[in-house]
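Below is one structure, written out as structure tokens; comments come after it.
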Amino acid sequence: MSVSEVFKTLVEPSLERIAVLEVSHIERLQGHDYAVTQVVQRNVFTELDRKLSRHLAATRGAGFPAYTVAVRVNETGTADALQLLTPVHHDSVPHALKGIADRAFANTGEADLTVHNSDPTGGDRGHGVRRNVSADDFEALNAALRICDYLGEPEFLSISGDYDIAIVTPPGDQLPITMYLKNGNVSVPCSNGTTITPFECPLHGFGAHVAENVLAQGYVAQARHALIATKVAAVTEFRAMAEARLVSFDRALAGRPLEGARQEIASGLIARLMAGMGSSLNGLSEDAQLAALDWSAAIGPEGGGLAPTGYLDLRDPKEAKA
């Protein structure tokens, strides 16, 4: 199962979303003007799904999207009901803003956008900020996101910003890189061991500019070292959570058959674990593997939802005797 399939079938139904900002523009189609409103929303995962996302990003190069853009369209000057289009998923707010501008460029040849930075659900938000995104602005945002890619997967970076400025913070104790999109400049807070000396270079050709500066090379080397350590931690944390969740579910099950809600819950848990570690669940302890695979067989096509044979107590032996 692909990461996108795991997100759609297992994770998305349990998501909570928080509105971050709203962007609107006008598109003209067949002589009619349509108001397109796109609300950028932060995806809030359960702790298990958050750790699964980081595990997948570490082992397969992509986790679950951190943001979703809800798209609404209606013809201007009419009382027609809003039409909801298919939501679009992105890794960060700048990624979402790039997608929004990309749509506007594709449909109108320009991006004349109105941005509401307040909560779109909070009632009267005023008129918003009118922002005409030029082709140069669009390319600058693309260049900024390429710098983010240079530093690692979005799952392990903190990326924020808008059409004028973008900020990316690598994992570890690194200070953030600031990218000024209007003047096409990047500022990297390099340290010589005692003081912070900003290294500044153009947005375009970031990697080549870094290669010519020793302090910038040191910053990138530290960022990549921290990235590897963060990925290792993501894998071990997911495994530890998997073990803990199996133990907890085993205790709650207490030998009862996997029927009804118990079967549904077990199915969701095991599907997530297998999405991260494969169908054999390599990486878990032998006891945890046996229990999970036993439950999987019981709730699969052949198991028919029957109770697994041989209830496996995953509790610590000392606790089991208590």
Side-chain angles (χ1 to χ4, degrees), residues 1-15 44-64 152-153 155-156 171-172 225-322:
M1 185 181 293
S2 68
V3 174
S4 60
E5 289 173 330
V6 173
F7 175 75
K8 182 177 180 179
T9 60
L10 297 178
V11 177
E12 196 167 16
S14 63
L15 275 182
V44 182
F45 301 103
T46 66
E47 185 66 8
L48 175 59
D49 289 338
R50 187 183 70 83
K51 289 186 183 295
L52 171 58
S53 179
R54 289 173 64 83
H55 173 88
L56 291 171
T59 58
R60 297 170 63 173
F64 305 138
E153 293 84 352
E155 187 74 29
F156 304 109
H225 177 77
L227 177 65
I228 296 301
T230 302
K231 288 182 178 182
V232 172
V235 173
T236 57
E237 287 172 6
F238 178 70
R239 289 177 175 175
M241 171 163 277
E243 293 270 355
R245 294 295 284 265
L246 286 171
V247 169
S248 179
F249 182 75
D250 182 75
R251 287 174 173 170
L253 191 61
R256 290 173 292 184
L258 287 175
E259 298 174 344
R262 291 189 292 275
Q263 178 177 329
E264 184 177 348
I265 293 170
S267 178
L269 173 60
I270 294 170
R272 283 170 165 80
L273 302 188
M274 288 186 172
M277 291 180 282
S279 59
S280 61
L281 295 176
N282 288 328
L284 293 179
S285 67
E286 292 81 359
D287 284 352
Q289 279 182 285
L290 285 173
L293 293 175
D294 197 30
W295 295 333
S296 179
I299 62 182
E302 296 181 0
L306 300 177
T309 57
Y311 163 66
L312 298 173
D313 191 344
L314 294 180
R315 289 174 294 174
D316 182 89
K318 294 179 181 178
E319 295 181 6
K321 293 178 181 179

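What you see below is based on every heavy atom in this structure, not just the backbone, and it leaves out hydrogens, waters and symmetry mates.
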Exercise. Say you draw a straight line from CE of M241 to CD of E47; how long is it, rounded to the nearest 0.5 Å?
Worked result: 4.5 Å
Exercise. Are the side chain of R256 and the backbone N or O of L253 linked by a donor-acceptor pair below 3.5 Å?
Worked result: yes
Exercise. When rounded to the nearest 0.5 angstrom, what is the spacing between CG in L246 and CG in L290?
Worked result: 11.5 Å
For this session: Please name the pair of heavy atoms, one in A58 and one in V235, separated by the smallest distance, quoted to 0.1 Å.
Result: CB-CG2, 4.1 Å
Seminar exercise, completed: One should read off an interatomic distance between D250 CG and D287 CG, to the nearest 0.5 angstrom, of 9.5 Å
For this session: Write down the atom of A242, the atom of L284, and the distance for their closest heavy-atom approach.
Result: CB-CD2, 3.7 Å
Exercise. Do the rings of F45 and F7 sit parallel, tilted or perpendicular, given the 30° and 60° boundaries?
Worked result: perpendicular
Problem set entry | Residues which pass side-chain contact (heavy atoms from CB on, under 4.5 Å) with S280, listed by chain and number, not counting sequence neighbours | N282
For this session: Look up atom CE in M277 and atom CG in L52, then write down how far apart they are to the nearest 0.5 Å.
Result: 9.0 Å
Problem set entry | Electrostatic pair K8-E5, nearest N-O below 4.0 angstrom | no
Seminar exercise, completed: With sequence neighbours left out, the residues meeting side-chain contact (heavy atoms from CB on, under 4.5 Å) with E153 are F156, L227, K231
For this session: Considering non-hydrogen atoms only, spot the tightest contact between P171 and A226 and give its length.
Result: O-CB, 3.4 Å
For this session: First locate atom CD1 of I270, then atom CZ of R272, and finally report the distance between them rounded to the nearest 0.5 Å.
Result: 12.0 Å
For this session: Please tell me if the side chains of F238 and L56 come closer than 4.5 Å, counting only heavy atoms from C-beta onward.
Result: no
Problem set entry | R239 bridged to E243 by N-O distance under 4.0 Å | no
Problem set entry | Residue pair S279 / L293: nearest heavy atoms and the distance that separates them | O-CD2, 3.3 Å
Exercise. CG/L269 to CZ/R245 distance, rounded to the nearest 0.5 angstrom?
Worked result: 6.5 Å
For this session: Looking only at non-hydrogen atoms, find the nearest pair between R60 and A275 and report the distance.
Result: NH1-O, 3.3 Å
